[in-house]
> 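Provided herewith is a single structure, encoded as structure tokens, for subsequent inquiry.
The sequence lines fix the lettering, A, B, ..., with proteins before strands; numbering per chain opens at 1. Since the model is a prediction, treat every value here as computed from it, not as a measurement.
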Amino acid sequence: MPDAQPHLYLVDGSSYIFRAYHRLPPLTNRHGMNTGAVYGYTAMLWKLAESLSKADGPTHMAVILDKGSSSFRNEMYDQYKAHRPPAPEDLVPQLPLIRVATRAFSIPCIEEAGLEADDIIACYTGAARAAGWKVTIVSSDKDLMQLIEDDGSVDMLDTMNDRRIDRGYVVEKFGVPPQQLGDVLALMGDSVDNVPGVPGIGPKTASQLIQEHGSLEAVLAAAEGIKKPKLRQNLIEHADNARLSRELVRLVCEMTLPEPLEALELKNIPEAPLREFLEEQGWKSLLNRMVGQGSRPSGGERPAATAPRVAGPGEPETISVDRAAYLTITDAATLGEWLAEAATQGVIAIDLQGDGGHGLAEGLAGVSLALAPGKAAYVPLGHGATDLLSEGPTQLGLAEGLRLLRPCLEDDSVLKIGHNVKDQLKLLADHGIVVAPVEDVMLASFALDGGRFGHGLDELVKKHFEHECLALKAVCGTGQKAIRFGDAPLGPATEYAAENADMVWRLWQRLQHRLAAEHATRVYRLVDLPLVPVVGQMERDGVKVDRSYLAELSGTFAAETASLEERIFAAAGGPFTIGSPQQLGQVLFDRLGLKGGRKGKSGNYSTDQAELERLEADGVEVARLVLDWRLLTKLKQTYTDALQAQIDPKSGRVHTRYALAAAQTGRLSSTDPNLQNIPIRTELGAKIRNAFIAEEGFSLLSADYGQIELRLAAHIADVPQLKEAFARGDDIHTITAQELFGDAGKDSRGKAKTINFAILYGISSWGLAGRLGIPTEDAKAMIDRYFERFPGIKNYISTTLEAVRESGYSETLFGRKTHFPNIKSSIQSLRQGAERAAINAPIQGTSADIIKRAMVKMPAALAAAGLERTRMLLQVHDELVFEVPHGDEERAAAVIRDVMATAAEPVVALDVPLSVEVGWGENWGVAH
DNA sequence: GCATATGCCTA
DNA sequence: GTAGGCATATGCT
């Protein structure tokens, strides 16, 4: 009997076409008309028809469309769908074609005036279910999810993402079963359909409230007793809107079926009309698939263009973790046994626990080891007493522990696996131990899965093993009451630390094979891994900062800020918090009555730089004062004050920390403090660079690549004019201006410079127009002209995007992959953002690879030149900063320039030269 | 104490 | 339009 059960597929044609339009690349037919959305729609119908013979395939099918634009919901609420933007220009002519395409398949097409497709679908679903049929709604519309039945008799199919939507999916996404979904949707509202909902309530809160109270009416009834004041108030004030919204999202069935269920049977599809339609559209690939396949698409044959298998992180692996089985090692004999086993098998996973201090002052609380999955131990070395009365726990002690560990750590026949090895090398280097050889699962993950997810240990464990590591706060607590790891009891400390080593071991087992298989070894072995000790040493060295000079600057800034404050309050008619954009907006636009304030997401006026500069141009003095105030407080708070606080008391220097696996493109990032965003553009800000000084008897030397990203763009996109200009040493923006405008006046050169940068960032006519302050059409014309003069650029953009859509990732010249999960998103903004990032990543990423290679080569090159006392201190993306003994500057400059200029070799041969500008002096300001 | 919004510094 | 980090204010846990 189940085999004979009819299965009705209801295709939500209207919503499909909109999604297809935003998702699919433009496609034109032989009349020059854009038909991408219709093509997508046709291909989807084809696929559905193909599945006729399959187990869960359709026996009956209908396409449901919206007719007209007004429904009973508009009578209920005149704002319904009022703010929906008109359909895009090149989509409108495609809409009638949907009916033509549907007819070509000889599939019934149902539409009724005054009814939305959703309601018709609800109607047919109800009728089919009453007849004992199964129903599948082909759509991903959340409103329709209300129709899904727990017993599986009604489900949905999202053909864009090729997944079934059932009760489980709804519960996962909205926290409630389909029956309660309408209540959740009513609370959250829908900005696209202009369903009001309740302000301040989004999907999370809506779901939580319905889960808690059971229904919308129950929530409204309980509103008075809700704790959060804002939420309570909104629920009470907007209860009517909530009830209205409930009716708007309710799917109703008040019609007789225009076609009886039986008329929807999916029979053989007559060949002639379909062939005629495909020929008319010129869709050869679909036509070819008809040949030799009888009269309709069927048989479940795969489409001709099958996407290649994309390697990926793979399915998560299920593991069982028994934290109680981890060992606490407190005696030399047991530790000796573990280390002997490590020596025998030649590999061990290691994790270090700091004692909770930071910077150079951080001590070592203990070491955890793993020798096999689940076989892990913690060796406490510096744990203190948990209360004042007792002594510390029994443990080996730091000196004894390190004495025992050292041979293993330094044994070049024992591989040490870690996660974020740089921080561990630094800790051990403080004790004179140089660890080698090492592997780093964080960097392996970065090379394999960059752009897919973060590379922290906890996150990797969750992704690969669906396991939650014991949280550090479960051991040490949080906030004020947090204790240092070195003060934690050994039980929890062992569970936490040993689990980390265990997970490092398991991750390496899982990731190591992928490195070669997915061609990630070059980036991992030649760039990121060898960089670890180099960056570790830079962090340990730190950079000297002139505290008294910074204090002096702070004082000056403070005084000027105070005087500005007075003048601002006088002009504003009273004191307020200048640093609060909310209050500033109220003062400017409400109290002072200035016009024009644009409001942002939370309903506050925008008061950003652009807005204030607009006011300033209108002669509003407060605007100028606030801009000055912002500059000064920014400099003081973020730089002069913060920098003084970051000076390490032991070394008298500032030790930034570089993150090796944070930036999607492969760049480093700098924190605590960030030394990659020290001011330089404004005269006042640039003074801060003078605070970075050299040690007595040394100079600070800065070496930076000139226009490296444009050079790489010229190479990668293969633009002869630009490559030749770089080879000659010409001014690149002048050359561009000549090409584009035929002249190179100041104005033209400026525009050319802007376009050159826009190219690197993934150009859009809208964005360029904003930058240059010109109409979008003019910007579009400039871009077209650019593409015409430099066809390589246009070709680079299209081939890069095609490749990313195909494979899911982009690649640098060194083979570094960056994944773009959103490149096929149905959400336009996400997709376009991914496209811009994908255009930029190979260029920015190659630049990052090159300077990393220079850093890796630098210590040996300096040593070979007898410049052992020259130290590399900072990296700022295209710049390296060194401390050089007086008298060695010229020689160091020559070595550094050479290493940087040839850093890509021999891995990559560039056909543009890399220029390196070098300067030195008593501080960073004069060196740069 | 934590998360979000806004704003601003760098390459 | 790319890639980052971090400050304050604000509202809530």
> Using a heavy-atom cut-off of under 4.0 Å over every strand shown, decide if Ala758(A) touches base, sugar-phosphate, or nothing.
base
> Determine whether Leu612(A) and Leu588(A) make a side-chain contact, defined as any pair of heavy atoms from C-beta on separated by less than 4.5 Å.
yes
> Quick one: sort the His455(A) and Phe446(A) rings into parallel, tilted or perpendicular, breaks at 30° and 60°.
perpendicular
> Nearest-Å distance, CG (Asp672(A)) to P (dG4(C))?
17 Å
> Within this structure, what is the OG-CG distance for the pair Ser765(A) and Leu768(A), rounded to the nearest 0.5 Å?
8.0 Å
> Touch check for Ala841(A), heavy atoms < 4.0 angstrom, all strands: base, sugar-phosphate only, or nothing?
nothing
> Could you tell me whether Ser847(A) contacts a base, only the sugar-phosphate backbone, or nothing, with contacts defined as non-hydrogen atoms closer than 4.0 Å?
nothing
> How long is the line joining CG of Leu632(A) and P of dA7(C), in whole Å?
18 Å
> Can you measure Ile839(A) atom CD1 to dA3(C) atom C1' for me and round it to whole angstrom units?
15 Å
> In whole angstroms, how far is the C1' atom of dG4(C) from the CZ atom of Arg836(A)?
17 Å
> Is Thr633(A) touching bases, backbone alone, or none of the nucleic acid, heavy atoms closer than 4.0 Å?
nothing
> Once you round it to whole Å, what is the distance between C1' of dT8(C) and CG of Leu584(A)?
13 Å
> Looking at every strand, decide which applies to Gln664(A) at a 4.0 Å heavy-atom threshold: base, sugar-phosphate, or nothing.
sugar-phosphate
> Under 4.0 Å from OP1 or OP2 of dG5(C): is there any side-chain N or O of Ser669(A) that close?
yes
> Keeping the roles fixed (side chain from Thr561(A), backbone from Thr633(A)), state whether a donor-acceptor pair exists under 3.5 Å.
no
> For nucleotides 5-11 of chain B, give me one character per nucleotide, 5' to 3': B if any protein heavy atom sits under 4.0 Å from the base, S if the only such contacts are to the sugar-phosphate, - if neither.
SSBBBBB
> Rounded to the Å, how far apart are Asn840(A) CG and dT2(C) P?
8 Å
> Does any N or O in the side chain of Tyr658(A) come within less than 3.5 Å of the main-chain N or O of Gln875(A), such that one atom is a donor and the other an acceptor?
yes
> Scan Thr754(A) against the nucleic acid and name what it touches under 4.0 Å (heavy atoms): base, sugar-phosphate only, or nothing.
base
> Take Ile755(A) and Gln637(A), find for each the nucleotide of DNA chain C with the closest heavy atom, and name the residue whose nucleotide sits nearer the 5' end.
Ile755(A)
> Can you tell me how far P of dT2(C) sits from CG of Asn756(A), to the nearest Å?
18 Å
> Answer yes or no: are there more than 12 heavy-atom neighbours, outside Arg653(A) itself, under 6.0 Å from its atom CZ?
yes
> Any salt bridge between Glu539(A) and Arg657(A), counting N to O under 4.0 Å?
no
